[in-house]
Amino acid sequence: MLSAQQAEALILDLVQPLHPQRDLEILDLRSAPGRILATPASSVLDFPLWDNSAMDGYAVRYEDVKVCSTEQPAILEIVEEIPAGYQPQKNIQSGQAARILTGSMMPTGADTIVVQEETRRSGRFVTLFSAPKPHAFVRRQAEFYQAGQPLLPAGIRLSAAEIAVLATAQCTQVPVYRRPRIAILSTGSELVLPDQPLQPGQIVDSNQYALAALVASAGAEPICLGIVPDQQESLKAAIAQAISIADVVISSGGVSVGDYDYVDRTLTELRAEIHIRAVAVKPGRPLTVASFKATQSQEPELPHLLSPVLYFGLPGNPVSALVTFWRFVQPALRKLSGLADDWQTPCVEGRSLQDLRSDGKRETYLWGKTHLVQGKYEFSLAGGSQSSGNLINLAQTNSLAVIPIGQTLKTSGEAIQIMLVMP
Ligand code: AMP
Ligand code: MG
């Protein structure tokens, strides 16, 4: 059986990222937060655009003030006031200064700012008692960015700081990757929608909701295709529809070895190549990963595919479905979305407050809550059962403690790896 690391590497290898031209859309900057930049950004504007003052004070010529002191103060005539948004009109001559406010344009002739606190003003004159450093508190044109240079690379997620940079560069129409389309379906004749009455033997399809939430928070577009009963023909029709409209299909249930577990058989009938059938992880051992090639199908029941489609058949147990999503699907969606790197779900080193146990045969994930305490990550195991059928205590957790294969115990206080799944 594949190890988690082997499965992850294989899956990432199968993912073809969205195409920077074919899968591009142009968005207004206001709609761009959270999206992935598809084309490198640059600007025709320097930053700062002109020399300006970093402080409230006086713009002076360094030559005039370089030797001043309490005993020998410099007295300069104030020839202009330069508030924000004003273009200076005067050229500062020897013996002159301009009153200037933070961010305002430096007047020509001046090269240094003397901060207000170092001066005394009386009417049209300002007295300086100490020499500033040359060019003090002047932010030079293009000091932080030179027009025409690369500003932001492609493949980054646009958060507040990048949005601010694009706004400053007057890039208001932003080329981003479209959101990947992810079809989600639930398999199981026992499943009903959450708003339907439950008959004996029936349970609510919670996976559809959980997976849609996970897909949306990964920046992709969930397309919920509903519940498919355990009948091969229904499943075949549902998967055929799903692969014809999505970049990735995620189903849950029907991948174990039970009599009604039709997913793998159906994928084979639909000409998918199955790459993974099981991974040595707990929870979540039965995990199917398959791919469909782009094809012009001649057979009526096989859809035409314009681009390849990746298929994840997750186990039906609610906890297993979520854990396998975090461990294997999320990195794939990140790579698919156009992100240039950082695909893996983040892992940190920390310590557990309780002993953690595993059977040692599979990489084991235990759910709980991680806090940062005085700069160190502390993991606290969720109370109650760590059964993959127990969805309830997964709520209000944010992380999975990882016990590697071959280890059966991590005592409290021992260093462990913690996967941060809901930061
Ligand atoms: P399966 O993987 O189909 O054998 O399902 C394993 C367990 O997960 C069974 O107890 C199912 O009833 C349950 N299950 C399957 N699909 C879902 C779902 N969509 N929502 C909640 N539980 C499910
Ligand atoms: Mg089932």
Side-chain angles (χ1 to χ4, degrees), residues 1-2 4 7 182-218 222-239 241-242 246 248-269 272 274 276-290 311-330 362 364-365 367 382 384-395 397 421:
M1 206 183 326
L2 288 179
I182 317 299
I184 302 169
L185 45 97
S186 300
T187 76
S189 298
E190 74 281 29
L191 302 174
V192 293
L193 294 170
D195 59 356
Q196 297 300 305
L198 286 164
Q199 304 302 328
Q202 294 186 325
I203 64 161
V204 169
D205 168 17
S206 58
N207 289 349
Q208 183 103 202
Y209 282 73
L211 292 170
L214 289 168
V215 163
S217 42
I223 306 169
C224 292
L225 296 181
I227 298 166
V228 187
D230 293 317
Q231 291 160 2
Q232 212 169 343
E233 282 316 305
S234 314
L235 190 59
K236 192 168 173 183
I239 296 179
Q241 189 211 350
V248 169
V249 178
I250 306 173
S251 67
S252 67
V255 287
S256 341
V257 290
D259 294 342
Y260 299 98
D261 292 331
Y262 291 126
V263 170
D264 286 17
R265 265 177 276 174
T266 309
L267 288 169
T268 306
E269 277 190 20
I274 299 189
I276 297 176
R277 288 177 195 272
V279 185
V281 292
K282 186 176 183 236
R285 174 177 35 200
L287 169 73
T288 295
V289 180
Y311 190 100
F312 289 93
L314 308 185
N317 266 317
V319 177
S320 310
L322 267 72
V323 168
T324 47
F325 181 95
W326 286 316
R327 184 70 184 85
F328 302 110
V329 185
Q330 189 165 272
R362 297 182 264 160
T364 299
Y365 309 107
W367 48 101
S385 164
Q386 292 266 327
S387 149
S388 61
N390 182 10
L391 177 61
I392 303 303
N393 69 347
L394 192 61
T397 63
V421 295

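Indexing begins at 1, ligand by ligand and atom by atom, following the structure's order.
Closest to atom 7 (C) of ligand 1 among all protein heavy atoms lies N317 OD1, 3.6 Å. Looking only at heavy atoms of the protein, atom 12 (O) of ligand 1 is closest to E190 OE2, 2.6 Å. For atom 17 (C) of ligand 1, the closest non-hydrogen atom on the protein side is N207 ND2, 3.3 Å. Residue, atom and distance of the protein heavy atom nearest to atom 3 (O) of ligand 1 are G254 N, 2.9 Å. If you check which protein heavy atom lies closest to atom 22 (N) of ligand 1, you get I203 CD1, 3.4 Å. Here the protein heavy atom with the shortest distance to atom 4 (O) of ligand 1 is S256 OG, 3.6 Å.
The shortest heavy-atom distance from G188 to ligand 1 is not under 4.0 Å. Within the structure, ligand 1 has S206 among the residues with a heavy atom less than 4.0 angstrom away. Note on ligand 1: Q208 sits outside its first shell, no heavy atom being nearer than 4.0 Å. For V204, the closest heavy-atom approach to ligand 1 falls below 4.0 Å.
At a heavy-atom distance under 4.0 Å, no atom of V255 approaches ligand 1.
Residue contacts with ligand 1: G316 is placed with a nitrogen or oxygen under 3.5 Å of a nitrogen or oxygen of the ligand (distance criterion only).
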